[in-house]
Novice: 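This is the structure, below, for whatever I ask next.
By convention in this document, chain letters (A, B, ...) are assigned in the order of the sequence lines, proteins followed by strands, and residues within each chain are numbered from 1.
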2 protein chains.
Amino acid sequence: MQLTKKLTRKEQIKKVAQNMFRERGYSATSMRDLANAVGIEAASLYNHIKSKEDILRQICFGIADDFFHAIEQVEQSNLPAEEKLKQAISQHVKVITNNLDASAVFLHEWRFLSEPYLSDFKKLRDSYEQSFKKIIIQGKEEGIFKAVDEKFYCLTLFSALNWIYDWYKPTGLLSPQQIAEQLSNLLLEGIKK
Amino acid sequence: MQLTKKLTRKEQIKKVAQNMFRERGYSATSMRDLANAVGIEAASLYNHIKSKEDILRQICFGIADDFFHAIEQVEQSNLPAEEKLKQAISQHVKVITNNLDASAVFLHEWRFLSEPYLSDFKKLRDSYEQSFKKIIIQGKEEGIFKAVDEKFYCLTLFSALNWIYDWYKPTGLLSPQQIAEQLSNLLLEGIKK
DNA sequence: TATAAAAGCTAACAAACGTTAGTTAATTTT
DNA sequence: AAAATTAACTAACGTTTGTTAGCTTTTATA
């Protein structure tokens with residue numbers, strides 16, 4: 001993998017938009033702001049993208065895809081629930097730390113999608129969360145997890161996972177793998193029998 | 001306490017704004033949207049408030065006050081660290097569940113504050129988080145907590161606490177007190193020796 | 001009941017918004 | 001070298017933005 005990939009203008013716009021949407025929010029980022037950061041005029045953006053919301057769509061559904069592929073791999077394995085959960089956590093952390101800006105947009109700016117994309121997005125998200133709940137249920141069936149409420153447990157787990165983008169720095173002390181381990185320790189030990 | 005307190009227009013505007021800022025975001029809520037929801041014209045809002053940002057300021061700093069008073073009470077007690085942490089969690093949950101809209105705005109829309117309010121706000125927030133870290137440090141000194149990194153631990157704790165506004169329903173199964181207990185179980189047991 | 005204050009209204013402001021039209025310069029394909 | 005495509009530009013569009021000015025109606029005070 002090359003370190004400095006030459007980006008097409010379209011990719012460059014997406015990248016800059018990810019950062020600005022994250023930093024200022026989708027609504028508060030104007031097409032003129034975006035164009036200025038890219039170094040062209042606002043109107044010129046439209047040679048590369050369909051609309052402002054089109055950019056948001058690409059960001060949100062693009063990263064949703066990443067999360068989905070990650071969890072699918074875990075689901076298809078025939079591992080015990082504890083190992084599955086550890087891997088799911090690890091994969092989730094990896095997706096976020098590899099895509100900090102996009103993850104932040106994914107988590108907070110999706111609500112500015114219009115229908116029917118908004119409904120599609122929510123369905124994807126629900127389905128992803130469902131995958132985690134299934135792992136907890138499996139663990140209870142295996143008899144290795146306590147009788148926790150999987151809904152409450154997953155809410156807490158996701159909140160911890162989905163806040164990472166807010167404080168993780170690639171230059172920081174903890175690697176993504178270490179973060180995943182620490183979180184597993186903190187949140188998995190508490191439900192093991 | 002009376003159930004249906006008669007609100008002044010100013011209070012009513014703040015209440016409606018809290019809800020709209022939470023639901024659509026500060027930037028995406030126009031003064032005409034807000035006025036319409038209140039049932040008056042946009043210009044009439046200015047008989048009661050100074051500016052759009054003034055409303056945001058009142059919401060953010062108002063709820064910040066609530067959090068501060070809650071943690072101050074805990075800090076001034078001479079309880080052992082474990083009990084302090086349990087109470088701090090309980091108080092935090094109480095503030096959020098009592099002010100769902102305002103909490104959401106407090107957590108996500110503060111970035112639209114302009115200077116010098118923005119800096120003031122960040123200082124308050126840091127100071128509040130510091131109070132939690134101190135409790136963890138006290139617990140380690142008392143020898144009842146494991147040698148966890150208080151920074152990482154508090155980040156995880158806050159993420160769980162600060163996501164509550166997103167799923168808590170007053171009509172739901174869990175009372176605020178029960179939520180606090182469950183969270184304490186999940187996140188406190190993991191660090192006890 | 002007269003008077004002052006509070007709270008509403010309409011109209012308008014300048015600025016910023018997303019987007020389109022039409023044109024030109026640079027690059028790629030034939 | 002000619003033709004076609006790509007990507008930039010300027011100018012402008014109709015709307016929406018937060019806010020102010022000035023006037024009128026409602027409510028509270030003296």
Side-chain angles (χ1 to χ4, degrees), chain A residues 5-61 105 108-118, chain B residues 4-61 105 108-118 121:
Chain A
K5 202 169 94 193
K6 208 175 169 189
L7 296 174
T8 65
R9 201 72 327 158
K10 195 174 174 175
E11 289 166 331
Q12 190 197 356
I13 290 170
K14 191 181 165 188
K15 197 179 167 186
V16 173
Q18 278 175 0
N19 185 254
M20 297 188 83
F21 289 175
R22 175 202 182 159
E23 221 92 316
R24 323 183 181 188
Y26 174 76
S27 290
T29 304
S30 76
M31 294 303 270
R32 286 167 181 84
D33 290 338
L34 178 56
N36 189 56
V38 171
I40 58 177
E41 292 297 317
S44 306
L45 291 170
Y46 289 85
N47 287 316
H48 308 277
I49 53 103
K50 256 180 57 192
S51 66
K52 188 185 178 188
E53 198 189 320
D54 185 52
I55 305 175
L56 181 64
R57 272 199 293 271
Q58 286 187 40
I59 298 170
C60 288
F61 286 94
V105 174
H108 291 299
E109 309 299 323
W110 57 268
R111 55 182 168 157
F112 297 108
L113 292 169
S114 61
E115 295 293 358
Y117 307 98
L118 183 61
Chain B
T4 47
K5 202 169 92 190
K6 209 175 169 188
L7 297 175
T8 65
R9 233 328 74 119
K10 195 173 175 176
E11 289 166 331
Q12 190 197 357
I13 291 170
K14 190 180 164 189
K15 197 178 167 187
V16 172
Q18 279 174 358
N19 185 253
M20 297 188 83
F21 289 175
R22 174 202 182 158
E23 221 92 316
R24 324 184 179 188
Y26 175 76
S27 290
T29 303
S30 76
M31 295 302 270
R32 284 168 180 83
D33 290 338
L34 178 56
N36 189 55
V38 172
I40 57 177
E41 292 297 318
S44 305
L45 291 170
Y46 290 84
N47 287 317
H48 308 278
I49 53 104
K50 257 181 56 193
S51 65
K52 188 186 178 188
E53 198 190 322
D54 184 52
I55 305 175
L56 181 64
R57 273 200 292 271
Q58 285 186 42
I59 298 171
C60 287
F61 286 94
V105 174
H108 292 299
E109 309 300 323
W110 58 266
R111 55 183 167 155
F112 298 107
L113 292 170
S114 62
E115 295 292 358
Y117 307 98
L118 184 61
F121 181 86

Novice: With the side chain of B/Ala43 defined as its heavy atoms from C-beta on, choose the nearest nucleotide among D/dC9, C/dT19, C/dC9.
Specialist: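 Closest nucleotide among those given: C/dC9.
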Novice: Taking the side chain of B/Tyr46 as its heavy atoms from C-beta onward, which of C/dC9, D/dT19, D/dT10 lies nearest to it?
Specialist: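 My answer, after comparing the listed nucleotides, is D/dT19.
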Novice: For the pair made of CD in A/Glu41 and P in C/dT24, what is the distance, rounded to whole Å?
Specialist: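 Nearest whole value for this atom pair: 17 Å.
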Novice: Find the distance B/Phe112:CZ to D/dT17:P and express it as a whole number of Å.
Specialist: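 Checked: the CZ to P distance equals 15 Å.
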Novice: For A/Ile55 and C/dG18, give me the distance from atom CD1 to atom C1', rounded to whole Å.
Specialist: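 Computing the A/Ile55:CD1 to C/dG18:C1' distance gives 11 Å.
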Novice: Under 4.5 Å between any side-chain heavy atoms of B/Glu53 and B/Tyr26, yes or no?
Specialist: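 Contact flag for B/Glu53/B/Tyr26 side chains = yes.
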Novice: Can you tell me how far P of D/dG14 sits from CE of A/Met31, to the nearest Å?
Specialist: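 In whole Å, D/dG14 P and A/Met31 CE are 20 Å from each other.
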Novice: Any side-chain N or O of A/Ser44 below 4.0 angstrom from OP1/OP2 of D/dC9?
Specialist: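 Yes, such a contact exists.
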Novice: Can you name the closest pair of heavy atoms from A/Tyr46 and A/Ser51 and give their distance?
Specialist: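 Answer, listing the atom of A/Tyr46 first, then A/Ser51: CE2-CA, 4.1 Å.
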Novice: How about A/Ser44 and A/Glu41: does a side-chain donor come under 3.5 Å of a side-chain acceptor?
Specialist: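 No, because no side-chain N or O of A/Ser44 sits under 3.5 Å from a partner of the opposite role on A/Glu41.
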Novice: Just so I know, are the side chains of B/Asp33 and B/Arg24 near enough to count as touching, which here means a heavy-atom distance under 4.5 Å?
Specialist: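 A side-chain contact exists here, since the closest heavy-atom pair is under 4.5 Å.
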Novice: Quick one: are A/Leu34 and A/Lys52 in side-chain contact, heavy atoms under 4.5 Å?
Specialist: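 Side-chain contact under 4.5 Å: no.
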Novice: Select base, sugar-phosphate, or nothing to describe what B/Thr29 touches, counting heavy atoms under 4.0 Å on all strands.
Specialist: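 Sugar-phosphate contact only - B/Thr29 comes under 4.0 Å of backbone atoms but never of a base.
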Novice: Atom CD1 of A/Ile40 to atom C1' of D/dA7: distance rounded to whole Å?
Specialist: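 Taking CD1 of A/Ile40 and C1' of D/dA7, I get 8 Å after rounding.
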Novice: Figure out the CG/P separation between B/Leu45 and D/dT17, and round it to whole Å.
Specialist: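 Value for this atom pair: 13 Å.
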Novice: Rounded to the nearest Å, what distance is computed from the CD1 atom of residue A/Ile49 to the P atom of nucleotide D/dA8?
Specialist: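 In whole Å, D/dA8 P lies 12 Å from A/Ile49 CD1.
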Novice: Among C/dG18, C/dA12, C/dG8, which is the nearest nucleotide to the side chain of B/Arg32?
Specialist: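 Looking only at side-chain atoms, B/Arg32 lies closest to C/dA12.
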Novice: If you find the nucleotide of DNA chain D closest to A/Arg9 and the one closest to B/Asn47, which residue's nucleotide is nearer the 5' end?
Specialist: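 Taking each residue's closest nucleotide, the earlier one in sequence belongs to A/Arg9.
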Novice: Could you check how far CE of B/Met20 sits from P of D/dG18, rounded to whole Å?
Specialist: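 Rounded to whole Å, this separation is 11 Å.
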Novice: Would you say A/His48 places a side-chain N or O within less than 4.0 Å of OP1 or OP2 belonging to D/dA8?
Specialist: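 Yes.
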